[in-house]
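These notes are about the structure you will find just below.
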Amino acid sequence: MAISFYNTLTRRKEPFVPRVAGKAGIYVCGMTVYDHCHIGHARVMVSFDVIVRHLRASGLDVTFVRNFTDIDDKILRRAQELDISWQTLAQLHIDGFHEDMAALGVARADVEPKATEHIAEMHVIIQRLEARGLAYAAGGDVYFAVDRFPDYGKLSGKPLDELQSGARVEVDERKRNPLDFVLWKGAKPGEPQWESPWGPGRPGWHIECSAMSGRYLGESFDLHGGGMDLIFPHHENEIAQSEGACGHGWVNGWLHNGFVNVVAESGERVKMSKSLGNFRTIRDLLAVFPGEALRMFILNSHYRSPLDFSGELLETARAGMDRIYGALRAAQERLGALPGAVPLTAAEGVDQPEFARRFFEAMDDDFNTPQALAVVFELAREVNRGAAQPSEAADARALLEKLTVLLRRLGANLGLGGGDPVAWFQAGASDNESEEIASWIARRNAARKAREFAEADRIRRLLAEKGILLEDGKDGTTWRRG
RNA sequence: GGCCGGGUGGCGAAGUGGCUAACGCAGAGGUCUGCAAAACCUCCACUCGUGGGUUCAAAUCCCACCCCGGCCUCCA
């Protein structure tokens, strides 16, 4: 195993060396649950889902933690607007998140902690910071003193003085330095509050991640990830808190995925964000595109590159999935059944080692999914060739079997192509509809047999108008949605 | 202003010193088919933002310039 990845902290690609041989702990900043997930969220979740899959396929025993931020200003405001409790709002969007992720093929994390369930852990960190002179209480709030943490700015590459000169933050009387950030917010009337050594209040934004990662991964761990926009200030502040409290190094590797941009009518590319109001929710998209097409769209570019979103691009991704499922369907018809979509591990020996080798080489190199996908597509072609062979010879069938196993399994490493191919092409058809189509197909084939091609073509056109495309194969006629 | 990242065919997107610049989509021709569709085969960037330079050799390294995006404030 020789995984290397681009570490935001060192700004280089470097080998991944687990702190404990054979194990890996990874924490990814999840959602603030006050609204539906949009494509930007989908990108983080899919990217890290694949990263975790690859770490596991490489033989590592991975502990994956992805949190929910279930208390924050936006949640409180939105709950008030909707006239529901903030707990109800949060739970609503946690459930929505899980539904969306299931559609995208994103697996659950090993631990999905909520901020509000780790208040005690936060208090411990803040107390330690206070004891070490890195935090101070002021007017019911508790702040982190950035001046007292010499490494402040090391992740974002911004020296403290530069940050100060460019600071656009509001001057707050209670802060000693404008860049100081709040660890604990004193209670305001009407807001939820928890008891604390500094009086009632609620947590600041950054402290929760230090608390939850420490609880489940230990005082130091291997990898921490999230969207690029979290580098500053969120992750910078997490480092300050965590290292400040424990007095030693915290996270070895930092991974950040690139943004999703929206191409405006003017041709301008703008980042998709809630504050710009130009986001598309996963939910809306799923009404029009299969989740797997969205997943393909995301994995077709490298996780660190910017990604432009548009409907046409999603259509292209869907066509790519058609190709993979088309090959699987051909194999299924030929072999009678498909092998299970079980991820391939690096240690396993396989019959067509070149494909597997190239796949793992691509993924080992900073999780290069576009290159890994290229291998999957080449396999799809080989499977199609094998399935089209007229020969019934045993060795031809054996080769097709081996190629199909690899296609399915390597697909599973990316979380693609694990479904039933017929279901992919005939998505959403009711039993009634399927029967009706089958009867039309029977009528058409009767006409074809009688060489009444005008009638056969009429039926085909009739179905085509309903978006049903017919495909005449050696073993009969199948249909798909067009 | 500071700091990151990027400009590769019609589109998306890999490749970061040396085989014919992957792969997908779209397109063209062919095979198959009653005709299609799907599949397969062939073709589709003498060239990698622009201009210099280093080198036997550069899309890949260096310098300059042009353009685009992001972060520096809540954001994935």
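The model shown is predicted, which means the values in this text are computed figures rather than measured ones. Naming: A, B, ... by sequence-line order, numbering from 1 per chain. All values below come from the heavy atoms of this structure, side chains included, with hydrogens, waters and symmetry mates left out.
A:Asp229 is linked by a salt bridge (charged side-chain N to carboxylate O under 4.0 Å, His left out) to nothing, counting only residues two or more places apart in sequence or in another chain. Shown here are the salt bridge (charged side-chain N to carboxylate O under 4.0 Å, His left out) partners of A:Arg481, two or more places apart in sequence or in another chain: A:Glu433. Under the salt bridge (charged side-chain N to carboxylate O under 4.0 Å, His left out) criterion, A:Glu471 pairs with A:Arg329, A:Arg480, not counting sequence neighbours. When the salt bridge (charged side-chain N to carboxylate O under 4.0 Å, His left out) test is applied to A:Asp284, no partner is found at least two apart in sequence or on another chain. Shown here are the side chain to side chain donor-acceptor pair (under 3.5 Å) partners of A:Glu455, two or more places apart in sequence or in another chain: A:Arg458.
For the segment residues 89-104 of chain A, the set of residues with a heavy atom within less than 4.0 Å of an atom of RNA chain B is empty.
A gap of 11 Å separates the P atoms of B:G17 and B:C62, to the nearest Å. Across B:G29 and B:A22, the matching P atoms stand 24 Å from one another, rounded to whole Å. If you take atom P in B:G24 and the same atom in B:U42, they sit 12 Å apart, rounded to whole Å. Spacing between B:A13 and B:C56 at atom C1', rounded to whole Å, works out to 32 Å. Here the separation of B:G7 from B:G15, taken at their P atoms, is 10 Å to the nearest Å. Rounded to whole Å, the C1' atom of B:G10 lies 23 Å from the corresponding atom of B:U20. Between the P atoms of B:C61 and B:A37, the separation comes to 45 Å (whole Å). A gap of 30 Å separates the P atoms of B:G6 and B:C44, to the nearest Å.
Ranked by how close their nearest RNA chain B nucleotide is to the 5' end, A:Gly30 and A:Ala380 are led by A:Ala380.
Atom CG in A:Asp73 sits roughly 13 Å away from atom C1' in B:U73 (whole-Å rounding). Note: CZ (A:Phe232) to P (B:C71) measures 13 Å, nearest angstrom. Rounding to whole angstrom units, CD of residue A:Glu315 and P of B:A26 are separated by 10 Å. At whole-Å resolution of the value, CG in A:Asn261 and P in B:G7 are 14 Å apart. Taking atom CZ on A:Arg358 and atom C1' on B:A22, their separation rounds to 8 Å, with Å as the unit. Atoms NZ (A:Lys158) and P (B:G70) sit 14 Å apart, rounded to a whole Å. Atoms CZ (A:Phe68) and C1' (B:A76) sit 14 Å apart, rounded to a whole Å. The distance from atom CG of A:Leu299 to atom P of B:A22 is 23 Å, rounded to the nearest whole Å.
The two residues A:Ile282 and A:Ile39 come nearest to each other via the heavy atoms CG1-N, 4.3 Å. A:Val383 and A:Ala331 get closest at one heavy-atom pair: CG1-CB, 3.8 Å.
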Contact string for nucleotides 10-17 of chain B, one letter per nucleotide 5' to 3', B = base within protein heavy-atom range under 4.0 Å, S = sugar-phosphate only, - = neither, reads --BSSS--
Starting at the 5' end of nucleotides 30-38 of chain B, put B wherever the base has a protein heavy atom under 4.0 Å, S where only the sugar-phosphate does, and a dash everywhere else.
----BBBBS
Can I get a per-line list of side-chain donor-acceptor pairs under 3.5 Å for residues 396-407 of chain A, giving both atom names and the distance, sequence neighbours left out?
unit_1   : atom_1 : unit_2   : atom_2 : d
A:Arg397 : NH1    : A:Arg334 : O      : 3.4
A:Arg397 : NH2    : A:Leu335 : O      : 3.2
A:Thr404 : OG1    : A:Leu400 : O      : 2.7

For residues 89-109 of chain A, please give each side-chain donor-acceptor pair under 3.5 Å, one per line with the distance, not counting sequence neighbours.
unit_1   : atom_1 : unit_2   : atom_2 : d
A:Gln91  : OE1    : A:Lys114 : NZ     : 3.4
A:Gln91  : NE2    : A:Asp95  : OD1    : 3.0
A:His93  : ND1    : A:Leu89  : O      : 3.3
A:His98  : ND1    : A:Ile94  : O      : 3.4
A:His98  : NE2    : A:Arg108 : NH1    : 3.4
A:His98  : NE2    : A:Glu112 : OE1    : 2.6
A:Glu99  : OE1    : A:Arg283 : NH2    : 3.4
A:Asp100 : OD1    : A:Arg283 : NH2    : 3.0

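Within the structure, a side-chain polar atom (N or O) of A:Arg381 is placed less than 4.0 Å from OP1 or OP2 of B:G24. Of the side-chain N and O atoms in A:Arg323, one or more sit less than 4.0 angstrom from OP1 or OP2 of B:G24. At B:G5, one or more side-chain N or O atoms of A:Tyr6 fall inside 4.0 Å of OP1 or OP2 (strictly under the cut-off).
Helical stems in RNA chain B, defined as runs of 3 or more consecutive Watson-Crick or G-U wobble pairs with donor-acceptor distances under 3.5 Å: B:1-7 with B:66-72, B:10-12 with B:23-25, B:27-31 with B:39-43, B:49-53 with B:61-65.
At a threshold of 4.0 angstrom between heavy atoms, the contacts of A:Met31 with the nucleic acid are absent. As judged by a 4.0 angstrom heavy-atom cut-off over every strand, A:Val260 is placed among the base-contacting residues. Residue contacts shown for A:Gly40 include a base, since a base heavy atom lies under 4.0 Å away. A:Gly258 comes within 4.0 angstrom of a nucleotide base, judged by non-hydrogen atoms across all strands.
The side chain of A:Glu378 lies closest to B:C23 when the candidates are B:C71, B:C74, B:C23. Out of B:C23, B:A76, B:C40, the shortest distance to the side chain of A:Arg385 is found at B:C40.
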Starting from the C-alpha separation in whole Å, work towards a yes-or-no answer on salt bridge (charged side-chain N to carboxylate O under 4.0 Å, His left out) for A:Glu361 and A:Arg358.
CA-CA 5 Å; A:Glu361 218 169 74; A:Arg358 286 169 53 218; over 6 Å; no
Between A:Arg78 and A:Asp72, does a salt bridge (charged side-chain N to carboxylate O under 4.0 Å, His left out) hold up when you go through it step by step?
CA-CA 10 Å; A:Arg78 181 66 56 89; A:Asp72 115 301; over 6 Å; no
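Between A:Arg381 and A:Glu378 no salt bridge is recorded (no basic side-chain N to carboxylate O distance below 4.0 Å). Between A:Glu315 and A:Arg318 there is a salt bridge, with a side-chain nitrogen of the basic residue lying less than 4.0 Å from a carboxylate oxygen of the acidic one.
Identified under the ring pair (Phe, Tyr, Trp, His ring centres under 6.0 Å) test for residues 452-482 of chain A, with sequence neighbours left out: none.
In the interface, the side chain of A:His256 is not paired with the base of B:A76 through any donor and acceptor atom under 3.5 Å apart.
In summary, the side chains of A:Asp147 and A:Tyr152 do not present any donor paired with an acceptor at a separation below 3.5 Å, with no hydrogens or angles considered.
In this structure, A:Asn413 contributes its side chain and A:Leu344 its backbone to a donor-acceptor pair below 3.5 Å.
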